[in-house]
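Here is the structure we will look at, set down as structure tokens.
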Protein chains: 2
Amino acid sequence: MAGFKGQAEYSVDSKGRVTIPAKMRDELSPEADGTFTVTRGFDQCVYLYPLDTWTEMEENEIANLSRYDREARHFVRIIMRWAEEVALDAQGRIKLPSPLIDFAEIDGEGRIIGAFDHVEIWAPKVFDQYMNEQPVEYETLAERVMSG
Amino acid sequence: MAGFKGQAEYSVDSKGRVTIPAKMRDELSPEADGTFTVTRGFDQCVYLYPLDTWTEMEENEIANLSRYDREARHFVRIIMRWAEEVALDAQGRIKLPSPLIDFAEIDGEGRIIGAFDHVEIWAPKVFDQYMNEQPVEYETLAERVMSG
DNA sequence: GGCGTATTCCCCACTTTTCCCCACGGGCCT
DNA sequence: AGGCCCGTGGGGAAAAGTGGGGAATACGCC
């Protein structure tokens, strides 16, 4: 299965519904059962993981963390607190939980980005600002990340 | 079975009753029999473990502690002293034991948080304060916890 | 030991939110 | 030019959360 790719700018209506681009929906495996797990992203955006991918992450990464370690506990609190399963409706939309809409400062419009193993939704304004703030240009970044 | 996730802010009425969010109720396995074991949490909150998970913990972790070790003895006293079994009523609520309400300083409102293997209930005020006190931001925490 | 008080548990009714279904308009491909 | 797929919006039925009252039980006091 190929990774999520592409970008789009779709409306987020008053009920918090966003259409997921058809091309990204097509990437979902049958095991995902038309369902994503949304959660707080790194940086100020929302992450969408296909259900099957997310379940693997829970089992392989989160389940192994110690209940008795302070930092691990705090991490689990954050990641799970923001997480929620959302299913596609007949129109190919999901409903974003309102806490995540607030967190990402999404208002009316969402920029949807394919990011290989997950999909991201940003407020367009926040996304532009994030891009401008990044100090390292694309070519330099490539050298650093890919050579390590 | 997937882990508990999501957050909500529900009322805790004068009788100490709190609704458990439907999504979290759905995570309960049949073996839990609609019952949680509540106890004092790490940090100032209340923990809710599904009955079956709790039973496992008792057998696998608590049962193995030495009767002859002072600290282990103390630990067992604390965790068991605060523990209590609570069943969901027909409306999907539980009654929080009043000692735990006092301990967590819950008054009227409770912030309910899914935390993978258990559910947590916090006084909103206490929770916000806890979050603000954490010195490490989410992105940094993720690097540390998940790479270790 | 009996009575009165307090507590707990269960049931019922109301309000709000959520979810699902339907209908419309536009664009792309054939 | 027509048909099909895609994104957008709204309305109605069902579920979820909230609050209060009454019967049964337990407790303490007289």
Quiz prompt | Main-chain N/O of A:Phe103 paired with A:Gln44 side-chain donor or acceptor, under 3.5 Å | solution = yes

Practice problem: Using the closest heavy atom to pick a nucleotide of DNA chain D for each, name whichever of A:Gly92 or B:Glu109 lands nearer the 5' end. | Solution: A:Gly92

Practice problem: Would you mind telling me which residue lines up with the more 5' stretch of DNA chain D, A:Gln91 or B:Glu9, judged by nearest nucleotide? | Solution: A:Gln91

Under 4.0 angstrom between [X] side-chain N/O and [N] OP1 or OP2:
X	N	value
A:Thr19	D:dC6	no
B:Arg25	D:dG17	yes
A:Ser11	D:dG9	yes

Neighbour count above 12 (heavy atom, 6.0 Å) for [X] [atom1]:
X	atom1	result
A:Gln134	CD	yes
B:Arg73	CZ	yes
A:Tyr68	OH	yes
A:Asp107	CG	no

Quiz item: For B:Lys23 and B:Lys15, take the nucleotide of DNA chain C holding the closest heavy atom to each; which residue's nucleotide lies nearer the 5' end?
Solution: B:Lys15

Self-check item: Closest-nucleotide 5' rank along DNA chain C - winner of A:Ser98 and B:Asp89
Solution: B:Asp89

Quiz item: Nearest of C:dC21, D:dG7, D:dG19 to any side-chain atom of A:Arg93?
Solution: C:dC21

Starting from [atom2] on [N], measure out to [atom1] on [X] and report it in whole angstrom.
X	N	atom1	atom2	value
A:Asp13	D:dC6	CG	C1'	16 Å
B:Tyr10	C:dT18	OH	C1'	11 Å
B:Lys95	C:dC9	NZ	C1'	11 Å
B:Asp26	D:dA15	CG	P	12 Å
A:Leu88	D:dG7	CG	P	11 Å

Quiz item: With distance as the sole criterion, do the side chain of A:Arg17 and the base of D:dG10 form a donor-acceptor contact below 3.5 Å?
Solution: yes

